[in-house]
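Order of appearance sets the numbers: ligands from 1, and atoms from 1 within every ligand.
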Amino acid sequence: MYKIFETVDDVSRYTAQRLIAKITAAPAAKLGLATGSTMKPVYAKLLEYIQQAPLDVSQLTTFNLDEYMGLAPQHPQSYNYFMYEHLFNHLNIPADHIHLPDGLATDTESVCSAYSSIIQTLGGLDLQLLGIGSNGHIGFNEPQTSFASRTHVVQLSEQTRIDNSRFFAEQSQMPTYAITMGIQDILDAKEIILVATGSNKSNIMAQFFNSEIDEQLPASALKQHKNLTIVLDREAAALLPEQTLKSAI
Ligand code: GLP
């Protein structure tokens, strides 16, 4: 299902409301969370709503999608830092309910398999929030990642390194590797919300729309999911067919 809104603000409001609805219906929900500039206004709206109408988040469990390898949690560009700054510092989710891949892991194989196992042991994710990279990556699952993948270490593509180096003072500081939940971990979620905003996402959203299910385009794996909502603003949806635009408003 596509939901297309006029502005980023509308997109963020809708997505935050979906999260509130999920938490209200299932206070002990397991949430898969994402980072990136797309998520900042979503989390800001979520916090705003919770401030207006308090919500019990003390039973929630969260799993983040990905993390850069080699960055400590205190590093301002780490996804751990992002999540605490934009969400966790402002909510009383118990610390031991918050899971992020460990970017400093040395025994990566066991750390990765433990991450996917915990999610499965807890019964899987109830809702997975996703952004999308300009090359169609979800989490850090780059083109050609197996759709059967579980949490793993990935070498970032050139495109991703170019896109994400904007957050680092110098491109040389941009990590080369990351740890990411796999595509199968994502597909196992009972519900998925993919959010994309801005004109820099219009090309990839058109590619996604037109694509077959193909490992060259990681996000296309989502087309086989039974409960997927794609939330776009006008700019990200600009290259979708008129008919889709009309029916999604
Ligand atoms: C990053 C993250 C993704 C995120 C995507 C989009 O590389 N690994 O999880 O969804 O790129 O980021 P943004 O929202 O900043 O465009």
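Interface atoms of ligand 1 facing Phe140, defined by a heavy-atom separation under 4.0 Å, are 7 (O), 8 (N). Every atom of ligand 1 with a heavy atom of Gly131 under 4.0 Å away is listed here by number and element: 10 (O). Atom numbering of ligand 1 starts at 1 in the shown order; those under 4.0 Å from a heavy atom of Asn164 are 1 (C), 7 (O). Residue-ligand proximity, Thr38 to ligand 1, at heavy-atom distances under 4.0 Å covers atoms 13 (P), 14 (O), 16 (O).
Between Tyr43 and Phe82, the ring-plane angle classifies as perpendicular under the 30° and 60° cut-offs. Aromatic ring pairs are classed by plane angle as parallel below 30°, tilted from 30° to 60° and perpendicular above 60°; the pair Phe168 and His75 is tilted. Taking the six-membered ring for Trp and thresholds of 30 and 60 degrees, Phe88 and Tyr84 have ring planes more than 60 degrees apart, a perpendicular arrangement.
For the ligand labelled ligand 1, residue Lys201 lies inside the 4.0 Å heavy-atom shell. The closest approach between Arg166 and ligand 1 falls below 4.0 Å for a heavy atom of the residue. The closest approach between any non-hydrogen atom of Ala34 and ligand 1 is not below 4.0 Å.
Residue contacts with ligand 1, taken as heavy atom pairs separated by less than 4.0 Å, do not involve Phe82 at all.
Checking Asp102, Leu100, Leu104 one by one against Pro73, the side-chain contact (heavy atoms from CB on, under 4.5 Å) holds for a single residue, Leu104.
Ring-centre distance between Tyr177 and Tyr68: not below the 6.0 Å cut-off.
Protein heavy atom closest to atom 15 (O) of ligand 1, with residue, atom name and distance, is Ser37 OG, 2.6 Å. Among protein heavy atoms, the minimum distance from atom 12 (O) of ligand 1 is reached at Gly36 CA, 4.0 Å. Here the protein heavy atom with the shortest distance to atom 2 (C) of ligand 1 is Tyr79 OH, 3.5 Å. Atom 4 (C) of ligand 1 has as its closest protein heavy atom Thr35 O, 4.0 Å. In this structure, atom 5 (C) of ligand 1 lies nearest to the protein heavy atom His137 NE2, 3.7 Å. Of all protein heavy atoms, the one lying nearest to atom 6 (C) of ligand 1 is Ile132 O, 3.4 Å. The shortest contact between atom 9 (O) of ligand 1 and any protein heavy atom is with Asp66 OD2, 3.3 Å.
Between the side chains of Ser134 and Asp163, at least one donor N or O sits under 3.5 Å from an acceptor N or O. Between the side chains of Thr62 and His97, no donor-acceptor pair is found at a separation under 3.5 Å. Residues Ser58 and Asn92 bring no donor and acceptor atom of their side chains to less than 3.5 Å of each other.
With salt bridges taken as basic N to acidic carboxylate O contacts below 4.0 Å, none links Asp126 and Lys30. Note on Asp10 versus Lys3: no salt bridge recorded, every NZ/NE/NH1/NH2 to OD/OE distance being 4.0 Å or above.
For the pair Thr160 and ligand 1, the shortest N or O to N or O distance does not fall below 3.5 Å. For the pair Gly139 and ligand 1, the shortest N or O to N or O distance falls below 3.5 Å.
Under the 6.0 Å distance and 45° angle rule, Lys201 does not count as a cation-pi partner of Phe208.
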